[in-house]
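One structure is given here, and the rest of the page talks about it.
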Number of protein chains: 2
Amino acid sequence: MIDEKQTTIKDIADALKISPSTVSRALRNHADISDDTKKKILAKAEELDYQPNIVAKSLRNSQTFTLGIVLPSVVHHFFSTIVSGIEDVASKQKYRLVIAQSNEFFEKEVDSVEAFIGNRVDGLFISIASQTKSYKHLVKAQKSKIPIVFFDRETDEIQASKVIVDDYEGAFHATEHLITQGCKNIIHLAGPDGLHISENRSRGYLEALTKHNIQKNTIIVSDNFDKGYETIKGLLAKGEVIDGIFAVNDDTAIGAMRACKQAGKIIPTDIAIIGFGDNPVAQIVEPPLSTISQSGFEMGQAVASLFLEQIKHQKDTKNKDNVIPYQFQTKIITTKLVIRDSSNRNI
Amino acid sequence: MIDEKQTTIKDIADALKISPSTVSRALRNHADISDDTKKKILAKAEELDYQPNIVAKSLRNSQTFTLGIVLPSVVHHFFSTIVSGIEDVASKQKYRLVIAQSNEFFEKEVDSVEAFIGNRVDGLFISIASQTKSYKHLVKAQKSKIPIVFFDRETDEIQASKVIVDDYEGAFHATEHLITQGCKNIIHLAGPDGLHISENRSRGYLEALTKHNIQKNTIIVSDNFDKGYETIKGLLAKGEVIDGIFAVNDDTAIGAMRACKQAGKIIPTDIAIIGFGDNPVAQIVEPPLSTISQSGFEMGQAVASLFLEQIKHQKDTKNKDNVIPYQFQTKIITTKLVIRDSSNRNI
DNA sequence: CTGAAAGCGCTAACAC
DNA sequence: GTGTTAGCGCTTTCAG
């Protein structure tokens, strides 16, 4: 069997005894091509199973229509809904998405970013790994003129647009809700140090306590199911007095919930629990978990929109004198308190 | 600000007053380059922040080192673990992954496949959408000489390697397990018609009943949390006698579980329930859900390995006479019965 | 309305 | 060891 190559524009041109440029124009619906030849070209393209070579096109146009997304992990519901949100607006502009997971490893994040630079993505959307402390890889991307948009987990060290959740406010409301339910000994199971989102949620927790004149606070870093379970199990075994738990995410809250139940505590009567994120499992567990909902979809849409806006600004100001540099935006996604049985004492 | 372009090989060559080919060779560690010039080139590349243009390289080499993955949805734990498995072996060979979600829509699947063809991916891994009945898009990919590997959801209409779960066996064991627990009225909440995996699981269910001389069988298509909930709720409301439920996946089983509990049924005493897939939520719900575990990671590894094998065969037989065509493989991933409280009557 | 020619950045013969 | 040249497939001036 002959190793037939992919059909190219030149093949179509040869078959029709016309020039490649005419074919190229016809294929992209360019004006100035007679309907007659256009029809012929389209027919021949169909006949020969022509599939435009995006790689060649990208090289020629120095635009790949590819967006690179770097995030800690796609298995997390919040992140995958963000991706859906990005896709929702980006795909309408014919952009395609390439996703790279850092799994919270700095090295993987750097590799992914560098690969994206090499592949000349048109934009880079990133939620930084908890390990990340250096930002040289992002500086490189900026040197390569790739617009960056941060989402959820960001840094001040890089000038770029960002979309963040109002973590402080969400945490404040979550904690205040527990207080209104009568809780006085509220534990906060926190996210890793150094991440803005962890810090903001912890701050919201502390300030809600302060507002309500509660002196006692306990913050323990603990951000997954197992850690939530172990931490609360340990505390309860030590005889610690706990009547409320605010966890940095739902998985952790559910781990804590299990520890409470195993220790014979009634939820929410003995201990009221609230998570963060409104993961679908929150509705499935028993009792259903109260939580702070944050729209990942909306966040994704905002990310893509900010990118599009920046691109547009670049185009508009291209080849112009006294260019006003693009003003980076920060968009804040608001949260919503979702009260379910795990914290509802009907007070 | 001057719109500086990305550094190219030519820039390095010019700066060093040598030829681009020498630079190219040095950068790729090609032999036949003196250590001295090599060192100079590497230093200059570093200095100028050189990032190789993968797009140009791909065009030139007609190899993109990109793998296209089409799957129904990444939010499903099973699929995201498959992606991790693929990444595990593919990344060691320097391949990068592009993921497209079909969301079970035929149109989106076709679009994604065509985009992958246009982007000249080196391989296409696909788990077909439940809607998919036509396979022209995959024929196109084959015409473009892109090796295809199916995983989980496949078709016989396309000649290609595939990796599947032993769904029949898993379903058989799940059903037989319910029978050994004393169940006689077992409902099967099934997947959509026309999907091999649904059919095989239903077949396993039926044959287990037959083996144990149980005449009554009930198969209802119902494959997500809400449908599982509604179906069982409806059946119970009608007074249907049910003492066992085998669901096509864990979400559905959990929906069914909720309906049972709401109807006052004790699990597993009144109704024993088993799911399929061993989704992490299976451990979180109460009672913990029995299920059939299938290793997505292993499946992903197998997918990538079969691709690599096929590529190797192509290289080995290139430019040779009387070529033996590659023999497509089918790899079967075995399942494991995981007994938890939702079905364990301690019999 | 169509064609010729150049070039995006890289690599691989083929020279020397 | 290194340079010259051509070309991957496409688009885009510039001519006509």
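Chain letters run A, B, ... following the sequence lines, proteins first and then strands; every chain starts at 1.
Atom-to-atom, CZ of A/Arg60 to P of D/dT13 comes out at 8 Å; the value is rounded to the nearest Å. In this structure, A/Arg25 atom CZ and D/dC14 atom P are separated by 13 Å, rounded to whole Å. One can place NE2 of B/His30 at 14 Å from C1' of D/dG3, the figure rounded to the nearest angstrom. Between the OH atom of A/Tyr50 and the P atom of D/dG9 there is a distance of 10 Å, given to the nearest Å. Rounded to whole Å, atom C1' of D/dT12 lies 15 Å from atom CD of A/Gln63. Distance B/Lys57 NZ to D/dG9 C1': 19 Å, rounded to the nearest Å. If you measure from atom CG of B/Leu59 to atom P of D/dC10, you get 9 Å, rounded to the nearest angstrom. Atom NZ in A/Lys10 sits roughly 13 Å away from atom C1' in D/dC10 (whole-Å rounding).
Residue A/Thr8 has no polar side-chain atom (N or O) positioned under 4.0 Å from OP1 or OP2 of D/dG9.
When ring centroids are compared, A/Phe125 and A/Phe307 come within the 6.0 Å threshold. Aromatic rings from B/Phe150 and B/His196 are positioned such that their centres are separated by 6.0 Å or more.
In terms of modelled atom types and a separation under 3.5 Å, the side chain of A/Lys162 and the main chain of A/Gln159 share no donor-acceptor contact.
Running 5' to 3' along DNA chain C, contacts with non-hydrogen atoms of chain A at under 4.0 Å begin and end at C/dC1 to C/dG9.
B/Thr37 comes within contact range of the sugar-phosphate backbone alone, with a heavy-atom separation under 4.0 Å but no base atom that close.
Between the side chain of B/Ser21 and the base of D/dT5, no donor-acceptor pair of N or O atoms lies under 3.5 Å.
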